[in-house]
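The shown structure was predicted, so the numbers you read here are calculated from the model rather than taken from an experiment. Values below: every heavy atom of this structure, side chains too, minus hydrogens, waters and symmetry copies. Reminder, nothing fancy here: chain letters follow the sequence lines and each chain counts from 1.
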Number of protein chains: 2
Amino acid sequence: MGFKTDIEIAREASKKPIQQIGAGLGIPEDSLIPFGHDKAKVAAEFIAGVQDRPNGKLILVTAINPTPAGEGKTTTTVGLGDGLNAIGKNAAICIREASLGPCFGMKGGAAGGGYAQVVPMEDMNLHFTGDFHAITSAHNLLSAMIDNHIYWGNKLEIDERRVVWRRVMDMNDRALRDIVTSLGGVSNGFPRQTGFDITVASEVMAILCLSNDLDDLQRRLGDIIVAYTRDRAPIYCRDIKADGAMTVLLQQAMQPNLVQTLENNPAFVHGGPFANIAHGCNSVVATTTALKLADYVVTEAGFGADLGAEKFMNIKCRKAGLAPDCVVLVATVRAMKMNGGVAKVDLGAENVDAVKAGCANLGRHIGNLKSFGVPVVVAINHFTGDTEAEVQAVLDYVRTQGSEAHVCRHWAEGSAGITGLATRVAQIADSGVSQFSPLYPDDMRLFQKIETIAKRIYRADEVLADKKIRDQLRAWEEAGFGNLPVCMAKTQYSFSTDPNLRGAPTGHSLPVREVRLSAGAGFIVVICGEIMTMPGLPSVPSAEAIMLNDAGQIDGLF
Amino acid sequence: MGFKTDIEIAREASKKPIQQIGAGLGIPEDSLIPFGHDKAKVAAEFIAGVQDRPNGKLILVTAINPTPAGEGKTTTTVGLGDGLNAIGKNAAICIREASLGPCFGMKGGAAGGGYAQVVPMEDMNLHFTGDFHAITSAHNLLSAMIDNHIYWGNKLEIDERRVVWRRVMDMNDRALRDIVTSLGGVSNGFPRQTGFDITVASEVMAILCLSNDLDDLQRRLGDIIVAYTRDRAPIYCRDIKADGAMTVLLQQAMQPNLVQTLENNPAFVHGGPFANIAHGCNSVVATTTALKLADYVVTEAGFGADLGAEKFMNIKCRKAGLAPDCVVLVATVRAMKMNGGVAKVDLGAENVDAVKAGCANLGRHIGNLKSFGVPVVVAINHFTGDTEAEVQAVLDYVRTQGSEAHVCRHWAEGSAGITGLATRVAQIADSGVSQFSPLYPDDMRLFQKIETIAKRIYRADEVLADKKIRDQLRAWEEAGFGNLPVCMAKTQYSFSTDPNLRGAPTGHSLPVREVRLSAGAGFIVVICGEIMTMPGLPSVPSAEAIMLNDAGQIDGLF
């Protein structure tokens, strides 16, 4: 193989001291809280002091429905940021933090790939600056205080069968999904059935990522519904008096992390909520801070555009008052082929017809994104095996959709391979053509919000939900939660709820299995299909091969 | 009140940049891994490079049996370190890290008190540099991999009833003491009863604190016994193939943390194993590193001298090849009074007779410590209400025991209040009079090791242990574990196992309830009485009052 692996490239990185990266954004050294020499948090006091500055341009990177072929969304986010800097713009990127637990199951989620990576990779996949550990602690403190309240007399009259607040751990541990606690007699409390979720599924994670500042954080933490009484009255985190201590535990974690790309450009890496039961974007604080410090901010949303971009627009932008100036939709020739019916093993052979067939998936995403009023550019993330005819087929197709596509070679070439896209994105963002608005107003009925997304984004014919679910939605409307956006949890692999239905399916229904109220985060989770909130490890976990080599480097993590 | 609180004093601290504190020890800036501006880890590469330097003098601070009156062991450790620096010596202190969980129950364990404190206090009681979070992750990764091994076919033939490796959380959560996991059907595994301990009780914590370097760490982690087969053959962590990934998770945590005292002297704060089921001292790496960088290193051991100093000598010093040059035994007039039978509410009134009566406890500790061949100096940690006659009674008594006592006012005056003790301690340490040797040889039988401690330290008449326990000890000897030291777990409040038996009791027995093998840490835990490894929260947890104040400071933590 003539190619270097991601980890080989990352280890050759010539990193600058993080103070120098901060200085490039105008952050004084004493406003950076260092974690080692290559990571820092931006001090809250500094952030408070730049709030009256104008915002830079916001560029969202999203993608077609993911396939096993890979689409390279983070790689393109990193590459586009480097590309903008390479053409003389002052740009920063904002991405999510990685979860620790899954790294010990499958190989770790590197931050980008090839010559478009964020470093230090190892730290970002391990403890990083401790944010997720802080979230775990804050979440579990509340859990302990709930059981402790019941233990000492249960003045709030919590119905032990209706404690909805579980515990979390940043680990893939299926044995903790469903447990009975408080066994062993009087001194250990009242036995009850509960379980653990993985930390990224915690509502505390979603809250941290949607809060504007520490006051907002504490208010939202207080709003968490942790249990109900026998007559179904909600018990809030505030009633348990845990919100203050949780805020203290999260004070440091609320400050966004600054690292750098391989090309020494600034990267904010902060927060990482699940893209199914939560909204799947990096923190509002990171994005809004970056917008005050850089002229262009490139960020991404989890999963494909039908889930990730939809939530970015309808939840994050709505809540934080943000508006994207341009959207970049990442596609690959290989993914088009898979959407066109080609199996993964056959991706090596040229198949222009399959590419053309698969473009339907791309076209639908373009149309969907345009319905938010934002300009859309397609980035064709070039793979070495892509043929000219295949690439041309995508370019031609995108033109028929009233959009434009650019071939990007940032994976192999770094910023030099993506200056074309960067130039166009900057022009579009500067042009002010974006007329962003969310898909539905706050005051739409909850069920109608679900229908709007199902019909206009997923192109489903109908939403199936039994009476219990419709009654629950009505009850929340009556309780004052009707103005919340909905947070869709469905498979990322298809517009429908069937992960095998690629392309641009029509005629399907959206069955709603369950709805949950995240009153602190401020959304209604709509669960369509099986959603796993505590993963397991595979039969041969990657942890078995993770170890320090003789040079003290970490092998096996990637 | 004319006195400032600890937190008021700490907030007024004039901290120096941690790089400056490191420079005072000869640590170059790039060998310090900063965590903010006032905390840093000392890089492993730097530590490896100073191993051929001569060691400084090692001073152990220990105490009489603790009473509710408080004895001020950490305060004296900090004060003595500052005192040595004040008289022109190059001194550093080494203390333990605080556990996060208990801070939300009772008020946080400050690092010292008055004008003898280590800062930043808040960080040290919260996430600090993330070491305990790393230990939690490493421990629970092993737990997940054990259940995952069973789930995927159990090739090692682990007896599910004999999995001895539990999970940990750094939280006071009684509901997790005794749980059933893997409920919910086939995809969640095989239900079994287990539980959580608090992180400081993890064998991983003890291992981290006893390991010399990363190779030693990985070897010891591999040695952990996690389960047994049906025919009682041990299953090791190494068999589960978790030792490499656990070492990776602990790589950063293995590097000692450097902070500073209120007087800007260096303080290593690293590791914090339980003083009952583990050995209760800061890490070997911190102590041995400090000894290479400072001429005098003041460190402490958990609980009273009968438990803490005994384990420091018989476990830590034995394993790490350390030898204390002087031992400082901390006593207070108030604690003497309580040992002499005075109730806490009556401590305000002068009572010289009670002081004299209580001195028996002090005297026995002096004798015990001398049996290790080390010189002993008593530090009378002065409280404002102590009368001259009471203090004189202690001074006189100590003289009758062939030792010397010094009145120390570091709590009120900082280093200026403890220069007398500091001067004498330096003289004694320099004199080379210490002839340290552990209390028993490696090759003594395990039960005889327990007897030796019981009779020579606790002054018990006999050790009571049923046949099952004696058989277990013999079985471990046959399996090759006979050369390990024993780690006693008993109440800290008395020489006996009855916490109410103050003073210097005789005629008691030591009943051994249970023995456990910590094959990775390298000791046999001998449990005498009830030992709680997962605390609960009180009816009004301190967490309810912990919050950020308007100045962004943390209230309620102390």
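The structure places CG of B:Leu183 at 8.5 Å from CD1 of A:Ile179, a figure rounded to the nearest 0.5 Å. Atom-to-atom distance recorded for B:Phe104:CZ and A:Met246:CE is 10.5 Å, nearest 0.5 angstrom. Here A:Ser137 contributes atom OG and B:Met171 contributes atom CE; the two are 5.0 Å apart, rounded to the nearest 0.5 Å. Atoms CG and CG, on B:Leu141 and A:Asp170 in that order, are 11.0 Å from each other to the nearest 0.5 Å. Taken to the nearest 0.5 Å, the CD1 atom of A:Ile546 stands 8.0 Å off from the CG atom of B:Leu249. The CG atom of A:Asp147 sits 9.0 Å away from atom CZ of B:Arg174, with the distance rounded to the nearest 0.5 Å.
For the options B:Val180, B:Leu214, B:Thr136, B:Ile554, heavy-atom pairs under 4.5 Å to chain A are most numerous at B:Val180. Between chain B and the options A:Gly185, A:Gly536, A:Ala543, heavy-atom pairs under 4.5 Å are most frequent for A:Ala543. Note: B:Pro34 leads B:Pro34, B:Ala144, B:Ala545 in heavy-atom pairs under 4.5 Å with chain A. When A:Ile150, A:Asp173, A:Thr129, A:Thr194 are compared by the number of non-hydrogen pairs under 4.5 Å with chain B, A:Asp173 comes out ahead. The most heavy-atom pairs under 4.5 Å with chain B, out of A:Gly101, A:Gly195, A:Ala245, come from A:Ala245. The candidate with the highest count of non-hydrogen atom pairs below 4.5 Å against chain B, out of A:Thr181, A:Asn148, A:Asp243, A:Ile33, is A:Asn148. Listed options B:Ala175, B:Ala43, B:Gly244 were ranked by heavy-atom pairs under 4.5 angstrom with chain A; first place goes to B:Ala175. Listed options B:Gly189, B:Pro538, B:Ala44, B:Ser143 were ranked by heavy-atom pairs under 4.5 angstrom with chain A; first place goes to B:Pro538. Looking only at heavy-atom pairs under 4.5 Å with chain B, the residue among A:Ala134, A:Gly184, A:Gly36, A:Gly130 that has the most is A:Gly36. Counting heavy-atom pairs closer than 4.5 Å to chain B, the top-ranked of the candidates A:His127, A:Lys39, A:Glu45 is A:His127.
Contact annotation: the side chain of B:Met145 approaches that of A:Glu544 to within less than 4.5 Å [non-hydrogen atoms, C-beta and beyond]. Between A:Gln252 and B:Leu126 there is no side-chain heavy-atom pair separated by less than 4.5 Å. Using a 4.5 Å cut-off on side-chain heavy atoms (C-beta onward), B:Met169 and A:Asn140 make contact. For the pair B:Asp178 and A:Ser182, the minimum side-chain heavy-atom distance is 4.5 Å or more. The shortest side-chain heavy-atom distance between A:Leu548 and B:Val248 falls under the 4.5 Å cut-off.
Of the atoms belonging to A:Pro191, not a single heavy atom falls under 4.5 Å from chain B. Residue A:Gln255 does not touch chain B at all, counting heavy-atom pairs closer than 4.5 Å. Neither the backbone nor the side chain of A:Phe190 comes within less than 4.5 Å of any heavy atom of chain B. For B:Gln553, no part lies near chain A; criterion is any non-hydrogen pair under 4.5 Å. The contact between A:Arg167 and chain B is made entirely by side chain atoms (from C-beta outward), counting heavy-atom distances below 4.5 Å. With a 4.5 Å cut-off on non-hydrogen atoms, B:Glu122 does not touch chain A at all. At a 4.5 Å heavy-atom cutoff, A:Ala242 makes no contact with chain B through either its backbone or its side chain. In this structure, the portion of B:Asn172 lying under 4.5 Å from any heavy atom of chain A is its backbone and not its side chain. Of the two parts of B:Leu100, only the side chain, counted from C-beta on, holds a non-hydrogen atom closer than 4.5 Å to a non-hydrogen atom of chain A.
Classification of the B:His133-A:His133 ring pair by plane angle, with boundaries at 30° and 60°, yields parallel.
Annotation for B:Gln20: atom CD counts as buried by contact number, over 12 foreign heavy atoms lying within 6.0 Å.
Closest of all the heavy-atom pairs between A:Trp152 and B:Leu537 is NE1-O, 3.0 Å.
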